[in-house]
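As structure tokens, the structure follows; a few thoughts come after it.
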Amino acid sequence: MKNSISILAFILLWNYSNSQTIKPLSSIYKHVTYDYEVYYKDTNNYFTPFLGDWKYVDGNKTFIATLWKVPKSPSTNSYGVTYYTDDIYGTYKMVQDYGLPSEQTIYTSIKYVPGAAQQRVTVIVADAAYNNELTGKISDVAGPYDPNYYMGVEAFLNMTINAGSSPLTAQWKVSPDEGLGQPNTITIPSNVVLTKM
């Protein structure tokens with residue numbers, strides 16, 4: 001009897017310590033929480049319309065942004081509290097003569113980091129905490145190489161789906177993060193309409 005009580009106590013304690021509170025992603029912006037193991041999840045499926053490939057065509061040049069969902073990414077705030085969020089990650093590229101035999105890549109965000117053995121793939125980290133609006137950070141790696149900013153110039157990204165559009169389109173805006181003291185010139189398209197591919 002004593003062993004079965006100990007086992008039951010262990011199971012209850014284990015379940016309690018491994019339980020996790022799930023909250024809508026939008027609630028992370030409404031208040032600051034210091035609770036451990038909170039998972040801010042895309043419970044409303046606001047990510048869904050953003051996922052996939054998007055393009056903007058300017059003459060014979062095509063800008064393509066690719067976005068995907070990464071569930072339950074761990075983060076730690078300044079108080080040392082670990083929490084989890086669903087995130088949208090992404091990459092981009094600019095190609096000339098897209099889809100033709102003469103197609104050439106002008107630039108791509110998939111880069112080798114100097115001194116590292118791996119490619120840096122993700123240059124967009126964002127979320128869609130509200131319906132039809134994605135916000136986050138993007139690294140502009142398309143400009144001339146600057147050893148002071150070898151990971152690219154960091155900027156703000158805002159992407160808003162145009163309601164009722166068919167095919168689906170979105171306003172894509174990129175603005176420099178002037179608070180970081182970096183160059184404020186953006187090389188990638190910074191205010192265009194993208195079409196879902």
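The chain is numbered in sequence order, starting from 1.
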Next item on the list: Would you check, one step at a time, whether the test side-chain hydrogen bond (donor to acceptor under 3.5 Å, both in side chains) holds for Thr160 with Asn162?
Entry: CA-CA 6 Å; Thr160 305; Asn162 297 318; over 6 Å; no
Margin query: Between Thr91 and Ile124, is there a side-chain heavy-atom distance shorter than 4.5 Å?
Written below: no
Checklist line | Hphob cluster co-occupancy, Ile64 + Met159, side-chain heavy atoms under 4.5 angstrom | finding: no
Item checked: Short side-chain to backbone donor-acceptor contact, Lys61 and Tyr98, under 3.5 Å -> no
Margin query: Would the distance check show the side chain of Asp140 and the main-chain N or O of Thr187 forming a donor-acceptor pair, the cut-off being under 3.5 Å?
Written below: yes
Next item on the list: Determine yes or no for a side-chain-to-main-chain donor-acceptor pair under 3.5 angstrom, with Asn44 supplying the side chain and Tyr46 the backbone.
Entry: no
Item checked: Lys72 charged N/C atom sitting above Tyr84 aromatic ring, 6.0 Å / 45° -> yes
Notebook entry, point to check: Do Leu51 and Ile161 sit in the same hydrophobic cluster, where Ile, Leu, Val, Met, Phe, Trp and Tyr count as joined when their side-chain heavy atoms come under 4.5 Å apart?
Noted result: yes
Checklist line | Minimum side-chain heavy-atom gap Pro49-Leu168 below 4.5 Å | finding: yes
Item checked: Nearest heavy atoms of Val193 and Tyr56, plus distance in Å -> O-CD1, 3.6 Å
Notebook entry, point to check: Taking side chain as C-beta onward, heavy atoms only, is Leu134 less than 4.5 Å from Ile88?
Noted result: yes
Notebook entry, point to check: Given the rule in the side-chain hydrogen bond (donor to acceptor under 3.5 Å, both in side chains) test, do Gln104 and Asp97 qualify, once you have shown the distances and angles that lead to the verdict?
Noted result: CA-CA 7 Å; Gln104 291 183 339; Asp97 298 334; over 6 Å; no
Item checked: Shortest non-hydrogen contact from Ala155 toward Ser175 -> CB-O, 3.2 Å
Check: For the hydrophobic clusters of this structure (ILVMFWY residues joined by side-chain heavy atoms under 4.5 Å, transitively), does one cluster hold both Val95 and Met197?
Finding: yes
Check: Quick check: are there more than 12 heavy atoms from other residues, nucleotides or ligands sitting under 6.0 Å from NZ of Lys196?
Finding: yes
Item checked: Any residue meeting ring-ring contact (aromatic ring centres under 6.0 Å, His included) with Phe50, in chain and number order, not counting sequence neighbours -> none
Next item on the list: State plainly whether one hydrophobic cluster holds both Met94 and Val174, where clusters connect Ile, Leu, Val, Met, Phe, Trp and Tyr through side-chain heavy atoms under 4.5 angstrom apart.
Entry: yes
Next item on the list: Return the set of residues passing side chain to side chain contact (heavy atoms under 4.5 Å, CB included) with Lys41 (not counting sequence neighbours), or none when no residue passes.
Entry: Ile22, Tyr39, Thr43, Asp86
Next item on the list: May I ask you to test the Ser73-Tyr89 pair for a side-chain heavy-atom distance under 4.5 Å?
Entry: yes
Item checked: Option passing ring pair (Phe, Tyr, Trp, His ring centres under 6.0 Å) with Trp172 (candidates Trp54, Phe63, Phe156) -> Phe63
Margin query: Check for me, please, whether Ile106 and Leu194 land in the same ILVMFWY cluster - side-chain distances under 4.5 Å, paths through other members count.
Written below: yes
Note to self: Working to the nearest 0.5 angstrom, can you tell me the gap between Asp53 CG and Tyr92 OH?
What the structure shows: 15.5 Å
Checklist line | Shortest non-hydrogen contact from Ile188 toward Ala142 | finding: CG2-CB, 3.8 Å
Margin query: What I'd like to find out is whether the side chain of Gln171 reaches to under 4.5 Å of the side chain of Asn191, using heavy atoms alone.
Written below: yes
Notebook entry, point to check: Within a reach of under 6.0 Å around NZ of Lys69, are more than 12 heavy atoms found that belong to other residues, nucleotides or ligands?
Noted result: yes
Checklist line | Where Ala129 and Ser26 come nearest, the two heavy atoms and their spacing | finding: O-CB, 3.3 Å
Notebook entry, point to check: Ignoring hydrogens and geometry, is there a side-chain-to-backbone donor-acceptor pair from Asp42 to Phe47 under 3.5 Å?
Noted result: yes
Next item on the list: Can you spot which of Val125, Thr135, Ile138 makes a side chain to side chain contact (heavy atoms under 4.5 Å, CB included) with Leu157?
Entry: Ile138
Next item on the list: State the CG-CD distance between Asn60 and Gln96, to the nearest 0.5 angstrom.
Entry: 4.5 Å
Notebook entry, point to check: Donor-acceptor pair, Asn45 side chain versus Thr48 backbone, under 3.5 Å?
Noted result: no
Note to self: Would the distance check show the side chain of Ser75 and the main-chain N or O of Tyr83 forming a donor-acceptor pair, the cut-off being under 3.5 Å?
What the structure shows: no
Next item on the list: Measure from the side-chain N and O atoms of Thr76 to the backbone N and O of Gly80, and report whether any donor-acceptor pair falls under 3.5 Å.
Entry: no
Notebook entry, point to check: OG1/Thr21 to OH/Tyr40 distance, rounded to the nearest 0.5 angstrom?
Noted result: 9.0 Å
Margin query: Minimum heavy-atom separation for Leu67 and Gly90, please, with both atom names.
Written below: CD2-CA, 4.0 Å
Next item on the list: Would you confirm whether Thr108, through its side chain, and Ile110, through its main-chain N or O, come within 3.5 Å as a donor-acceptor pair?
Entry: yes
